Amino acid sequence: IIVGGGPSGLMAARDLAADGYKVLIIERNNYLGGGFWLGGYFMNKVTFRAPAEKVLEQLGIAYSKVSEGLFIVDGPYVTAKLIVAACEAGAKILNLTSFDDVVLREKNRVAGVVINWTAQRYLPRGIHQVDPVALESKLVIDASGHDAVVAASLAERGLLKKVPGCGGMWIEESEDLVVEYTGEVHPGLILTGMSVSSMYALPRMGPTFGAMLLSGKKAGEIALNLLAKK
């Protein structure tokens, strides 16, 4: 189960599904893609730094070179292609579905998520009590962005340190650090994308998105290795 249908979650979903695993994306909004749609400051251009262009090539996404090691692509185009890639690989999606809690098993291993209809929290008091549903899985990937909702849920139970949020902006360092720190943060839980930044207080990266794809790929690789051992 992947919590969050932004670029890192979609990338991980695509690779895992392509390898034959059943993958379900939980997305609280009624659309996928996160910040990919808009790029930087509503410019509709998405910026990538090398070597993320290699991932674009693998996905058949055309891009333009701006300068050495810097590339751009239209936001709606790259988002649509990534969604199609994940769906064609076999990933399934639940939109308007919010993470509510974790499923824990022996030794507090993460073994799934509790979900609910996103809109229920906005309903008037007295009619918003929609019972949540638990979904079990072999692994959970937190791709929920800055909120890092799955990691934060574990932190509330004292199973992880408090999620501090991102540090100040430092574009040159941030993308490499996100990829470097992507990994299993608790048995059964992998962090990817901006959830990694929030968990480790890494610098914000601003309007550059290469790390989202590369972190998603790394999360998929780590998941494949863990699943192979189960």
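This structure is a prediction, so every number in the text was calculated from the model and none was measured. Heads up: numbering here begins at 1 and tracks the sequence.
Residues Ser8 and Thr192 share a closest heavy-atom pair of CB-OG1, 3.6 Å. Among all heavy-atom pairs drawn from Gly5 and Ile25, the shortest one is CA-CG2, 3.7 Å. Of all heavy-atom pairs between Leu159 and His186, the closest is O-ND1, 3.8 Å. Of all non-hydrogen atoms in Thr79 and Gly33, the two that sit nearest each other are CG2-CA, 3.7 Å.
Remark: side-chain polar atoms of Lys218 are paired, donor with acceptor, to backbone N or O of Glu180 under 3.5 angstrom. For Ser195 (side chain) and Leu191 (main-chain N/O), no donor-acceptor pair under 3.5 Å exists by modelled atom type. Between the Ser174 side chain and the Ile171 main chain, a donor and an acceptor come within less than 3.5 Å of each other. Checking side-chain atoms of Asp142 against main-chain N and O of Ser144 turns up a donor-acceptor pair under 3.5 Å. For the pair Trp37 (side chain) and Ala80 (backbone), a donor-acceptor distance under 3.5 Å is absent. Formation of a donor-acceptor pair under 3.5 Å by the Ser198 side chain with backbone atoms of His146 is found in this model. Counting only distance, with no hydrogens or angles, the side chain of Glu27 and the backbone of Leu94 share no donor-acceptor pair below 3.5 Å. Side chain of Thr118 to backbone of Leu96: a donor-acceptor contact under 3.5 angstrom is found.
Taking the charged nitrogens against the carboxylate oxygens, Asp19 and Arg14 have no contact shorter than 4.0 Å, which rules out a salt bridge. Contact check on Arg157 versus Asp101 returns a salt bridge, with a Lys/Arg side-chain nitrogen under 4.0 Å from an Asp/Glu carboxylate oxygen. In summary, Glu156 and Lys162 do not engage in a salt bridge, as defined by a charged side-chain N under 4.0 Å from a carboxylate O.
For the atom pair Glu175 CD and Leu213 CG, the distance stands at 9.5 Å (nearest 0.5 Å). In this structure, CD on Glu221 lies 11.0 Å from CD1 on Ile190, to the nearest 0.5 angstrom. The distance from the CG atom of Leu16 to the NZ atom of Lys217 is 10.5 Å, given to the nearest 0.5 Å.
Residues Pro76 and Phe36 are not in side-chain contact: their nearest non-hydrogen atoms beyond the backbone lie 4.5 Å or more apart.
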Set out, in order, the CA-CA distance, both residues' side-chain angles and the distance that settles side-chain hydrogen bond (donor to acceptor under 3.5 Å, both in side chains) for Ser215 and Thr182, then state yes or no. CA-CA 6 Å; Ser215 175; Thr182 296; 2.6 Å; yes
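Checked options Tyr63, Phe209, Phe48; the residue passing with Phe71 is Tyr63 (criterion: ring-ring contact (aromatic ring centres under 6.0 Å, His included)).
Between Tyr181 and Tyr200, the ring centre distance stays below 6.0 Å.
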